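One structure is given here, and the rest of the page talks about it.
Here the structure is a predicted model, which is why all the values come from computation and not from measurement. Naming: A, B, ... by sequence-line order, numbering from 1 per chain.
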Amino acid sequence: MNKEVRVRFAPSPTGPLHIGGVRTALYNYLFARKMGGKMLLRIEDTDQTRFVENAEQYILEALQWIGITIDEGPSVGGPCAPYRQSERKPMYKQYALQLVESGNAYYAFDTPEELEAMRKRLEAQKVASPAYNAITRTQMKNSLTLPEDEVKRRLEAGEPYVIRLKVPRKDEIRLNDLVRGWVMVHSSAIDDKVLMKSDGMPTYHLANVVDDHLMEITHVIRGEEWLPSAPLHVLLYKFLGWEETMPQFAHLPLLLKPDGNGKLSKRDADAGGFPVFPLDWKFQNKETGKDETWIGFREQGYLSDAVTNFLAFLGWNPGTNQELFTMEELIQAFSIERVGKSGTKFDIDKAKWFNQQYLKNKSGAELVPFLQKELQQRQLNASPESLVRICDLLKERLVFAHDLWNQGAYFFLSPTEYDPQVVTSKWTQEAVTVITSYAAALDKLPSLTAEQAKSTLNEVLEAQGVKMGKVLQALRVAITGVGAGPDLMQIMEVLGKQATVARIQQALTVLNSKVIA
RNA sequence: GCUCCGUUCGUCUAGGGGUUAGGACACAAGAUUUUCAUUCUUGCAACAGGGGUUCGAUUCCCCUACGGAGUACCA
């Protein structure tokens, strides 16, 4: 009875994988690993009209970036191959036919126009829920209303048809959702869903149930948007005779817009200036013909560990005060029972905070590649040792990896301008006098360490009877051009004696006219 | 409209028939850092409303309100 846990992530390749999809994948993965089970990836590409080139590759890359490994899937194969529904097309029809034979499904020949006309008619009659169902199907062109020989004739003539599920008129369908508990729906609320489209492809509902059965999926963990169709799926399992092995369902709360209304969408990214995709997605806008990019977390400077941690907490929590989790820790701590029921607003501030925490916990050496990337873009260079030092000095003040440059450009470029706010308040005659002597004193040193820089400054200060607070900000702006940053003495050491003195002298010259009395 | 799901600080949430309703983000103040950031301390701030059940309800039940999802030959 203790079957191996098998879960699947089943996206459809219609564009870049949304961050909500990544979270669904993550929860599946955490659950699979926690239970010592298998994680499958299945590509649900039954809608050929919405298929997007490269989307599958994007999905794979996104999962890999986040640290999700797939046990079975299109790229790695497995005992249930193929894992793309388009490649499984021939497998579905027999199940649809099985349903027709058992009297649980039927052929329907209605044209789109006829369907539209039916809906219009029902609306005009003020029918509560216009649908193709137990009542209306008696008035449509299908194998339940048409004479048997005509059905046969139409089928043989190759007329287009679909296969619809014959939903019972009166039945109570119930399912025990792992997140929400018992959910009950009356069958009259479900319409006669199309199972097999006229192009011979199954719809999501059929393909999903058939594949989950064939792939021996034990737990279906997916977004809440599927909850309303879950009873339909239960019905399918029942009619197909698979009730005994029906997977357990767990419907995850939705990711909502930060400002309140609705599902998180691409628009929110544009409006809020934050990503809703894991990776950049480059494409050509069909309307304008222009190349566009939808920004991704990775390219925005988010660390994958931070994004994973952030996503894990969107709808789940460990019940303790611990917030920082490695993937391994998440696997240990994860349980579906602790998944929340209510929708979760997407709070980018929290994502930033996680990123900051992860950046801060890295060593200087680990951050060097990020800095190097920035330097390469600007064709700058520095010794590996100094890069490590710089990263160490800067890491506590980063939110994003690229802040290494924003916060520390002065390590590589002599200031060309000086923060006017600092200059107008701190560039006093007194400070200038001290700084002038200080530069001269530094110049006499054979080399420069932070220690020496400090003791030398103290000596000059003492000789002139000035307090450090009166000059340090001025000195900082002279050397870095800005009023904030890590320990100035450390900066000087990294810069070295020559550059430090040269920068001070340059500032003294440039700011000569700005001295305040 | 109809069906389903949900509702604890601004946000993410813990908790649970009797609690000073806890934590985190954000925000504010203070300390440290002669800067900024970090760090630390403190503060701010919530059980949607109405009925039950109960000695007692934020917690259980019902209703209402609000929010969300679904309602395609899309997934």
- [ ] Measure from the side chain of A/D191, starting at C-beta and using heavy atoms only, and say which of B/C4, B/A72, B/G1 lies closest.
- [x] B/A72

Open item on the list: Once you apply a heavy-atom cut-off of 4.0 Å, does A/R180 come out as touching a base, just sugar-phosphate, or nothing?
Closed with: sugar-phosphate

Task: Nearest-nucleotide pick for A/L254, side chain only, options being B/U13, B/U39, B/A69 - done: B/A69

Open item on the list: For a quick check of understanding: with a heavy-atom distance under 4.0 Å over all strands, which category does A/G315 fall into, base, sugar-phosphate or nothing?
Closed with: sugar-phosphate

Task: Distance test, side-chain N/O of A/T344 to OP1/OP2 of B/U13, below 4.0 Å - done: yes

Task: Per A/P112 side chain, nearest of listed nucleotides B/C4, B/C73, B/A37 - done: B/C73

- [ ] Among B/C12, B/C2, B/A14, find the nucleotide with the atom closest to the side chain of A/A128.
- [x] B/C2

- [ ] Go through B/C25, B/C4, B/U35 for me and flag the one nearest to the A/W353 side chain.
- [x] B/C25

Open item on the list: Over all strands shown, is A/K341 touching base, sugar-phosphate only, or nothing at heavy-atom distances under 4.0 angstrom?
Closed with: sugar-phosphate

TODO: Provide the distance between the two C1' atoms, one in B/A28 and one in B/C9, to the nearest whole Å.
DONE: 15 Å

Open item on the list: Tell me the interatomic distance from A/M201, atom CE, to B/C73, atom P, rounded to whole angstroms.
Closed with: 17 Å

- [ ] Please confirm whether any donor atom in the side chain of A/T203 sits under 3.5 Å from an acceptor in the base of B/C73, or the reverse.
- [x] no

TODO: Check whether any side-chain nitrogen or oxygen of A/K360 sits under 4.0 Å from OP1 or OP2 of B/U39, and answer yes or no.
DONE: yes

Open item on the list: Any side-chain N or O of A/Q356 below 4.0 angstrom from OP1/OP2 of B/U38?
Closed with: yes

- [ ] Give the ring-plane orientation class for A/H251 versus A/F249, where under 30° counts as parallel, over 60° as perpendicular and anything between as tilted.
- [x] parallel

TODO: Could you label the plane-to-plane angle of the A/F354 and A/F313 rings as parallel, tilted or perpendicular, counting under 30° as parallel and over 60° as perpendicular?
DONE: tilted

TODO: Only one of A/V399, A/L404, A/L398 passes side-chain contact (heavy atoms from CB on, under 4.5 Å) with A/L359; say which it is.
DONE: A/L398

Task: For A/R180, salt bridge (Lys or Arg N to Asp or Glu O under 4.0 Å) partners two or more places apart - done: A/E224

TODO: Ignoring hydrogens and angles, state whether a donor on the side chain of A/Y132 or A/D110 is under 3.5 Å from an acceptor on the partner side chain.
DONE: yes

- [ ] Among B/C73, B/C4, B/U39, find the nucleotide with the atom closest to the side chain of A/Q357.
- [x] B/U39

Open item on the list: Applying a 4.0 Å non-hydrogen cut-off, can you work out what A/P486 is touching in the nucleic acid: base, sugar-phosphate, or nothing?
Closed with: base

TODO: Kindly confirm or rule out a cation-pi arrangement of A/R42 over A/Y83, judged by NZ or CZ under 6.0 Å from the six-membered ring centre and within 45° of its axis?
DONE: no

Open item on the list: Heavy atoms from C-beta onward define the side chain here; which of B/U35, B/G68, B/C73 lies closest to that of A/S198?
Closed with: B/C73

- [ ] Verify the contact: side-chain N or O of A/S342 to OP1 or OP2 of B/C5, cut-off strictly under 4.0 Å; return yes or no.
- [x] no

Open item on the list: Regarding A/L227, tell me which of base, sugar-phosphate or nothing describes its non-hydrogen contacts under 4.0 Å with the strands shown.
Closed with: sugar-phosphate

Open item on the list: Side chains of A/S265 and A/D268: any donor to acceptor distance under 3.5 Å?
Closed with: yes

Open item on the list: With a cut-off of less than 4.0 Å, is there a side-chain N or O of A/R338 near OP1 or OP2 of B/G15?
Closed with: yes

Open item on the list: Would you measure the distance from the P atom in B/U3 across to the matching atom in B/U64 and give it in whole Å?
Closed with: 12 Å

TODO: Consider the side chain of A/S12, meaning its heavy atoms from C-beta on, and name the nucleotide among B/C73, B/C12, B/A75 that approaches it most closely.
DONE: B/A75

- [ ] Examine B/U11: is either OP1 or OP2 under 4.0 Å from a nitrogen or oxygen in the side chain of A/K345? Give yes or no.
- [x] yes

TODO: Could you tell me whether the phosphate oxygens of B/A14, OP1 or OP2, come under 4.0 Å of any side-chain nitrogen or oxygen in A/N317?
DONE: yes

Open item on the list: Give me the distance, rounded to whole Å, that separates B/G15 from B/G67 when you measure between the C1' atoms they each carry.
Closed with: 23 Å

Task: Candidates B/A75, B/U35, B/U11 - which lies nearest the side chain of A/H205 - done: B/A75

Task: With A/V7, the side-chain contact (heavy atoms from CB on, under 4.5 Å) member among A/V220, A/D212, A/L40, A/I221 - done: A/I221

Which atom pairs link the protein and nucleotides 59-65 of chain B when you take only N or O atoms and keep those under 3.5 Å?
none

Task: Heavy-atom side-chain contact between A/V477 and A/K426 under 4.5 Å - done: no

Task: B/A75 phosphate, OP1 or OP2, under 4.0 Å from A/R50 side-chain N/O - done: no

Open item on the list: Under 4.0 Å, heavy atoms only, any strand: does A/K263 hit a base, just the sugar-phosphate, or nothing?
Closed with: sugar-phosphate

TODO: Have a look at A/T49 and say if it touches a base, only the backbone sugar-phosphate, or nothing, with a 4.0 Å heavy-atom cut-off.
DONE: nothing

Open item on the list: Go nucleotide by nucleotide along RNA chain B from the 5' end; which of A/W182 and A/D47 gets its closest nucleotide reached first?
Closed with: A/W182

Open item on the list: Any side-chain N or O of A/K197 below 4.0 angstrom from OP1/OP2 of B/C74?
Closed with: yes

- [ ] Name the nucleic acid region contacted by A/V162, choosing base, sugar-phosphate or nothing; use a 4.0 angstrom heavy-atom cut-off, strictly under.
- [x] base

TODO: Measure the shortest side-chain to side-chain distance between A/F109 and A/L155 over non-hydrogen atoms and say whether it is less than 4.5 angstrom.
DONE: yes

